[in-house]
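To start, the structure itself, in structure tokens.
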Amino acid sequence: MPEKKTTARARKDKREGKSASTQAGEFVREEIEHVREGKHGARSAKQAIAIGLSKARRAGVKAKPSKTASKATKKKAAQDTAASRRSSGVAAKKTSARKRPATKAARKTASKSTAKSATRSRASTSALKREGHAAASPRALSAQGRKSASKRTATSRSAAAKKAARTKGAAGRKSAAKKAARTRTRKAS
């Protein structure tokens with residue numbers, strides 16, 4: 001379950017009209033923090049990011065998998081999105097009048113679709129706890145960022161940077177320019 005403040009930040013991003021990936025970023029950030037504080041580990045930075053994205057989709061963020069994603073990734077994303085719809089559907093059902101499925105078989109399948117296996121849940125949690133915490137180090141995250149950026153075209157990266165500059169606002173651009181100038185002087189000396 002994501003923390004309330006994470007969900008609130010993601011909702012704020014949505015209200016402000018920010019992209020789904022920005023909203024999902026809040027959940028990824030939370031997951032990285034969990035690995036850093038020792039709540040559990042992760043095998044790689046990629047795994048920590050994947051867990052965060054899964055949480056985001058289950059919380060209702062419309063984060064689509066990339067076109068180049070594997071079949072398994074696309075399937076998992078679809079499952080998470082469906083789970084999010086089910087949970088919001090459950091909330092809607094609670095407020096409206098309840099209807100029991102007519103047949104015994106229908107009742108059985110209705111209960112099966114929402115039931116979670118406690119054993120599997122415990123197993124996955126304990127497996128993560130056995131993993132290390134280096135996956136959330138600045139170095140690992142930097143390497144992951146560079147690796148994923150290198151897969152994109154120069155045009156795509158340039159377009160993203162231009163959009164970021166446009167949506168940053170005057171004050172944001174000014175502070176970013178100052179920071180860049182400081183970095184340049186520091187590297188020059």
Find out whether Val61 and Arg57 are in side-chain contact, i.e. whether some heavy atom of one side chain is under 4.5 Å from a heavy atom of the other.
-> no
Verify whether one side chain among Thr81 and Ser84 offers a donor that lies under 3.5 Å from an acceptor in the other.
-> no
To the nearest 0.5 angstrom, please state how far the CD1 atom of Ile32 sits from the CD atom of Glu37.
-> 11.5 Å
Flag yes if more than 12 heavy atoms outside Lys76 fall under 6.0 Å of its NZ atom; otherwise flag no.
-> yes
Where is the tightest heavy-atom contact between Ala135 and Ser44, given as atom of each residue plus distance?
-> CB-C, 3.4 Å
Return yes if a side-chain donor-acceptor contact under 3.5 Å exists between Asp80 and Ser54, otherwise no.
-> yes
Selection residues 120-143 - residue pairs positive for side-chain hydrogen bond (donor to acceptor under 3.5 Å, both in side chains), sequence neighbours left out | Arg43-Glu131, Ser142-Arg146
Donor + acceptor pair across side chains of Thr6, Glu26 (<3.5 Å) = no
Connected via hydrophobic side-chain network under 4.5 Å: Leu141 and Val35 = no
Could you go step by step and tell me if Glu16 and Lys18 meet the salt bridge (Lys or Arg N to Asp or Glu O under 4.0 Å) rule?
-> CA-CA 6 Å; Glu16 289 172 359; Lys18 292 182 180 174; 3.2 Å; yes
Do other residues, nucleotides or ligands put more than 12 heavy atoms under 6.0 Å from the CZ atom of Arg157?
-> yes
For the pair Lys74 (side chain) and Lys67 (backbone), establish whether a donor and an acceptor sit closer than 3.5 Å, ignoring hydrogens and angles.
-> yes
Is the shortest heavy-atom distance from the side chain of Glu33 to the side chain of Lys39 under 4.5 Å?
-> no
Working for side chain to side chain donor-acceptor pair (under 3.5 Å), residues Ser158 and Thr155 = CA-CA 5 Å; Ser158 175; Thr155 315; over 6 Å; no
Could you pull out all residues at least two apart from Ile51 that satisfy side chain to side chain contact (heavy atoms under 4.5 Å, CB included)?
-> Glu31, Gln47, Leu128
Atom CZ of Arg11: over 12 foreign heavy atoms under 6.0 Å = no
Pairs meeting criterion side-chain hydrogen bond (donor to acceptor under 3.5 Å, both in side chains) with involvement of residues 165-189, two or more places apart | none
Thr73 and Ser70: side chain donor to acceptor below 3.5 Å = yes
Of all the heavy-atom pairs spanning Gly52 and Phe27, show the shortest one and how long it is.
-> O-CB, 3.4 Å
Quick one: pull up CZ in Arg58 and CG in Leu53 and give me the separation to the nearest 0.5 Å.
-> 13.0 Å
For Arg9, the option from Lys14, Lys4, Glu3, Arg29 that meets side chain to side chain contact (heavy atoms under 4.5 Å, CB included) = Arg29
